[in-house]
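Below you'll find the structure, written out as structure tokens, and then a few comments.
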Amino acid sequence: MKLRKFVDPLPIPSTLKPNTILNGVPYYEVTMLQCVQQLHRDLSPTTIWGYNGMYPGPTIEAFSHHLTRVCWKNQLPRKHFLPVDKTVHGAEPSNPEVRTVVHLHGGATPDYSDGYPEAWFTNNFQEVGPYFTTKIYDYPNLQPSTALWYHDHAVGITRLNIYAGLSGFYFIRDTQEQMLNLPKGNYEVPLMVQDRSFNTNGSLYYPCEPEIPVEGVCPSVIPEFFGDTILVNGKVWPYLDIEPRRYRFRLLNASNSRFYNFSLSSNQFFYQIGSDQGLLKQPVMLKEILLGPAERADVIVDFSMQYGDTIILQNSAPAPFPDGDVPEPETTGSILQFRINRPLCSLDTSTIPYYLTHMPILSEDLASKTRQLSLDMTQDAYGREINLLNNKRWAEPITECPKLGTYELWSFLNTTDDAHPIHIHLVRFQVLDRQPYDVDLYQQTGNISTTGPKITPPLNERGWKDTVIANPGEITRVIFAVGPFTGLYVWHCHILEHEDHEMMLPYIVIR
Ligand code: C2O
Ligand code: CU
Ligand code: CU
């Protein structure tokens, strides 16, 4: 299906209003619903699943160290409209087909509110019940200002639930951010970037099996998903009218498998001011920004000299990353069009501050425990490609039990040909370095022999992160303080097809 680019304006998801405020705590109700939505001017309305019936979901605004409470409700149909593979762990026929659980990605959240993949709930149709239909989750927001996002996390069908539309922004604000005089209001724009494919009738297309079908399994999980169409905030290739001034963009890669290497067709710089978990120490000037699935970048673009121009936000990341096909400039190489055609409606008094926030550097000597964790590819019982963490599966005994208040160093040894965006729930980490090593020797003997120097992360990765790209053939090391809560959490690859197919493990924070 060929769709005209840049014919629809960029939608901005509305901000959610609390249903009530109890003892100073805002209380929200959000209901997951099946709806139809116009995703492009020339496309018939598309069936989606949305929080409050919206794709993307409404934006939640929270304030650092102020509790938010959300009641999540499932009122979805009993059948999925996308192909569910019942051989995948957690999606067996003995479980209801449509299950949901909400995770606040990047949130420092107590475990009972973190959206554990097995803590799913349903619409509780009588014939499959009794199950919960709602969950009330507490978000203490014990972290500095940043862009988080909430999305579905139900074991075995996360890729399908998010693809159907279950994701939304969640901003944490704080006084540090407010003092910086950054572009705000209409000049701060969230950008949720996703790839999708469509059937000619406008419905979402998701393959029901891999290109080479698997004996005896249909529908079957696929190794990775790449759509031929790019959507921002739920619109196909939209445009945004712009005034000649500075804008702040909150970039989020919410795609299933696709990486994006963002650039501007005007060859301008992005001023990156924040990463996944908040502000950087200082802005970093970049012509390209790479984001794997679930990563975020907080950037300022200065359009003040660009009046009359049209600028395209472009993508050059191969799919699969890093050794796949380069995107075509006319399709997946294009994301969004900026039209600098609006008169300046007030003087731009915003700034790009020289200094943003205090950023302590965690030294590796702090770590009381180091874990070598391999990222592996093998075959499952049906002969399908399967990616694992430490050669373990979800249901095996838990091996990672870090102690609250200590520091741990996690060292990811990627033995595969794919880059994997590795996400750890609960904590924020710093990337120490990446280093090439001899993969064959490691796989044959278990010995680690490095083949080049340690590479320190680029300047825009020297802040707090919750998701890190582990490149093939490299050891990627991260360090973090364990906490702020004890309990049961997960860590996983954020390529959703990998996550659903066993590339996810539980871990326990112990006292
Ligand atoms: Cu964005 Cu475990 O998730
Ligand atoms: Cu998360
Ligand atoms: Cu992966």
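Since the model is a prediction, treat every value here as computed from it, not as a measurement. Order of listing sets the numbers, starting from 1, for every ligand and every atom in it. Side chains are part of it too, since the values below use all heavy atoms of this structure and drop only hydrogens, waters and symmetry mates.
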Check: Can you give the angle C493 SG - the Cu ion (ligand 3) - H420 ND1, rounded to 10°?
Finding: 120°
Margin query: Please determine whether a side-chain nitrogen of the Lys or Arg among E400 and K392 lies less than 4.0 Å from a carboxylate oxygen of the Asp or Glu.
Written below: no
Item checked: Atom pair CG (D138) and CG (D114), whose distance is rounded to the nearest 0.5 Å -> 12.5 Å
Item checked: Rounded to 10 degrees, the angle NE2 of H153 makes with NE2 of H425 at atom 2 (Cu) of ligand 1 -> 100°
Check: Does H103 put an N, O or S atom under 2.8 Å from atom 1 (Cu) of ligand 1?
Finding: no
Margin query: I'd like to know if D466 and R296 make a salt bridge, using a cut-off of under 4.0 Å between side-chain N and carboxylate O.
Written below: yes
Notebook entry, point to check: With a cut-off of 2.8 Å, does H423 place any N/O/S atom under that distance from atom 1 (Cu) of ligand 1?
Noted result: no
Note to self: Apply ring-ring contact (aromatic ring centres under 6.0 Å, His included) to residues W149 and H423 and explain how you reach the verdict.
What the structure shows: CA-CA 13 Å; W149 61 302; H423 170 48; 9.0 Å; no
Check: Between N315 and N261, is there a donor-acceptor pair closer than 3.5 Å when you use the side chain of the first and the backbone of the second?
Finding: yes
Checklist line | Atom name, H498 (N, O or S, nearest to the Cu ion (ligand 3)) | finding: ND1
Next item on the list: Apply the test salt bridge (charged side-chain N to carboxylate O under 4.0 Å, His left out) to residues R159 and E499: give CA-CA distance (whole Å), side-chain angles for both, the deciding distance (0.1 Å), then the verdict.
Entry: CA-CA 8 Å; R159 69 194 183 290; E499 170 182 345; over 6 Å; no
Notebook entry, point to check: How wide is the angle at atom 1 (Cu) of ligand 1 between NE2 in H494 and ND1 in H105, to the nearest 10°?
Noted result: 100°
Margin query: Report whether any nitrogen, oxygen or sulfur of H151 sits less than 2.8 Å from atom 1 (Cu) of ligand 1 (N, O or S, backbone or side chain).
Written below: yes
